[in-house]
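Remember, it's 1-based here, ligands and their atoms both numbered in the order they're listed. Atoms considered below: every heavy atom in the structure, side chains included; atoms not considered: hydrogens, waters and symmetry mates.
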Amino acid sequence: MKDTSILTGKGIRTGAEYIAGLQDDREIWTQGKRVKDVTSEPGMSRGVSSLAGFLDNQHNDKYRDKVTYVDEDGIRCPLSFKTPKSKQDILDRGKAYYEWATWSHGMFGRTPDYKNASLMSFAAARSFLDQGTKGNAEFSKNMLDFYNYARTNDQILTHTLINPSVSHKQAAAGIYNDQVALHVVKETDAGIIVTGARLLATLGPFADEIEVFPSTVLKADPANIPFAFAFAIPIATPGLKLICRDTYDNGKSNFDAPLSSRFEEMDAVVIFDNVLVPWERIFMYGQPELCNRAFADTNAVVHMAHQVACGKLAKAEFLTGILCAIAKATGRDKDLAMKGMISEIMMMTETVRALLYQAEHDAHEDQYGNFVPNRRPLDTQRNLFPKYYPRMVEMLQLMGSSSLMATPSEADFENAISGDVDKYFHVANLEAKDRVALYRLAHDVCVSGFGSRQTLYERFFFGPPHLMHAAYFDLYDRDRVIDRVDSFLNQT
Ligand SMILES: Cc1cc2nc3c(=O)[nH]c(=O)nc-3n(C[C@H](O)[C@H](O)[C@H](O)COP(=O)(O)OP(=O)(O)OC[C@H]3O[C@@H](n4cnc5c(N)ncnc54)[C@H](O)[C@@H]3O)c2cc1C
């Protein structure tokens, strides 16, 4: 494996450089076969191209100063890697996240800024990692080196946090089964050897590096020591296999499948078959209790939730736009019932915006001397959106109804039935082709496999809902509101 600890890169990459970097020995499996090259694999290559296009945007005069920064060594890097030292830095991060998200209208959920935010937080709070120092290991130095490597080489990261559960009873108790869960089998002079599985890694096949970070529900029990670690390795590490789900990009044109033809980001289960993880790539090891606190105590969860809120705002605006466009096309924008329904999604969108505003404007200095957004509004957002999004999709289905099935393909506008299609598929305020394009877009949001996966993603990608709700409850200042009730009951 290359020694990445000393490789300072030249900063932001072009799309072509990113694509060239993916053409390595990575072991990716899909639909019964090993993929030779993800950059040319049908069903994968167009997602890669979209991401490459986003990287090219970093060089574009229109976006460069919004989404990148120049560090003290004169290297231009993604802004999401910049350690925030003021409220303005938090506001600038928010603008950059939002810009990235609008390039796919939130439909490419795992843009690299999500993981960059997490890595920035861990590096900025690296003294936290020294609490877990083992032997000669220098966890905080390892983290700083990896951060600088990823930052100055514009590396794209994925992560995998969850152990597959053979038994939910065991998992709920925070105990892992070493037949499947990823665990350490051996320590050597070079590093640790790990075996087992993790799920999932969204973007895994298209990433440069994978962070294998702690599952946050690890019981502080000596039996869990082999399961407690945080490390990062290249996707093309020997013994690492990514087993992908079926693609949702079925080769259709941009007209026929406007989202799935562009934004297939892929998800994979990750198998580690006696993988060597070098000591210099390990950031935590053997301390379950410390692992449990890592995302919260480094504020990584807050910075990630900030990126997420910006992305969800872009996505909510896009869905609101689709509903409004359909109402306008059919003339139903004058209809009282329709206004009532669409106002519901408008309010959801504006709630996300308001929570984001509060989080950014209440940003404050953290325990490490860096700036962090206010956590509670972001926690509120990330607990609400998994409920909002399925409702948004439902509204689109209710509004679209059979029109979501009245969707001839692009070719039908050029063949023997084009006259029929032109004649019978128009609506009050849209020509047939524009109407079909709009409903095909709606279909890709609320009916297609791509759209269903988006809903599943929104429900789960940030963690199990019951645990996220419980954490919200635990962090809430309950005494303050109980005191109000008590003082009311005690008044004479
Ligand atoms: C599209 C998609 C992309 C993802 N990408 C990533 C990624 O890139 N990296 C990553 O690490 N993870 C990723 N995940 C995984 C995600 O973190 C998990 O799906 C999530 O944490 C839930 O865990 P689980 O899937 O094992 O569900 P389970 O733990 O099996 O839970 C299933 C359901 O049961 C509920 N449940 C379970 N136990 C209880 C209980 N005791 N009380 C009440 N309800 C309970 C859960 O809330 C959930 O609704 C992704 C998931 C999806 C769907």
Side-chain angles (χ1 to χ4, degrees), residues 28 47 51 106-119 156-177 180-182 196-219 227 229-232 235 240 242-248 259-260 263-272 291-292 294-295 300-301 304-305 307-308 311-312 315 382-383 385-387 389-390 393 448-474:
I28 312 293
L51 190 44
M107 294 291 170
F108 201 105
R110 198 52 68 78
T111 48
D113 49 346
Y114 177 66
K115 283 305 303 150
N116 296 353
S118 163
L119 182 52
I156 290 180
L157 314 176
T158 181
H159 72 170
T160 185
L161 312 178
I162 307 289
N163 281 313
S165 45
V166 173
S167 149
H168 270 77
K169 200 171 156 207
Q170 272 190 352
I175 295 166
Y176 292 118
N177 180 324
V180 292
L182 183 65
R198 279 285 179 104
L199 49 85
L200 289 168
T202 297
L203 202 70
F206 310 160
D208 301 299
E209 297 268 342
I210 183 165
E211 283 188 355
V212 183
F213 269 44
S215 254
T216 49
V217 287
L218 209 53
K219 198 172 164 202
F227 303 93
F229 41 70
F231 62 80
I235 294 287
L240 194 68
L242 273 66
I243 303 180
C244 303
R245 60 163 166 77
D246 292 0
T247 183
Y248 297 120
L259 300 175
S260 41
F263 304 129
E264 168 56 274
E265 60 186 350
M266 194 45 80
D267 307 283
V269 172
V270 190
I271 310 293
F272 299 75
C291 283
N292 277 350
F295 279 95
V301 70
M304 291 162 87
Q307 188 273 354
V308 164
K312 299 318 159 201
K315 197 168 189 172
R382 74 184 172 110
N383 275 281
F385 206 76
K387 300 180 205 294
Y389 193 76
V393 165
S448 73
F450 178 90
S452 298
R453 183 263 174 197
Q454 289 281 329
T455 306
L456 193 73
Y457 182 82
E458 296 304 348
R459 286 185 193 276
F460 288 114
F461 83 94
F462 218 138
H466 65 291
L467 294 181
M468 281 170 46
H469 295 166
Y472 191 90
F473 176 90
D474 290 342

Derivation and outcome, side-chain contact (heavy atoms from CB on, under 4.5 Å), residues Tyr248 and Ser452: CA-CA 10 Å; Tyr248 297 120; Ser452 298; over 6 Å; no
Lys115 and Glu209 ion-paired at < 4.0 Å: no
For Asp267, all residues meeting side-chain hydrogen bond (donor to acceptor under 3.5 Å, both in side chains), sequence neighbours excluded: Thr202, Arg245, Arg453
Residues forming a side chain to side chain contact (heavy atoms under 4.5 Å, CB included) with Pro164, sequence neighbours excluded: Ala197, Leu199
Whether Tyr457 and Phe461 hold their rings parallel, tilted or perpendicular, with breakpoints at 30° and 60°: parallel
Ala230: side chain to side chain contact (heavy atoms under 4.5 Å, CB included) partners, not counting sequence neighbours: Phe213, Pro214, Phe283, Met284
Residue shell around ligand 1, heavy atom under 4.0 angstrom: Arg110, His159, Thr160, Leu161, Ile162, His168, Leu199, Leu200, Ala201, Thr202, Asp267, Arg453, Leu456, Tyr457, Phe460, Phe461, Gly463, Pro464, Pro465, His466
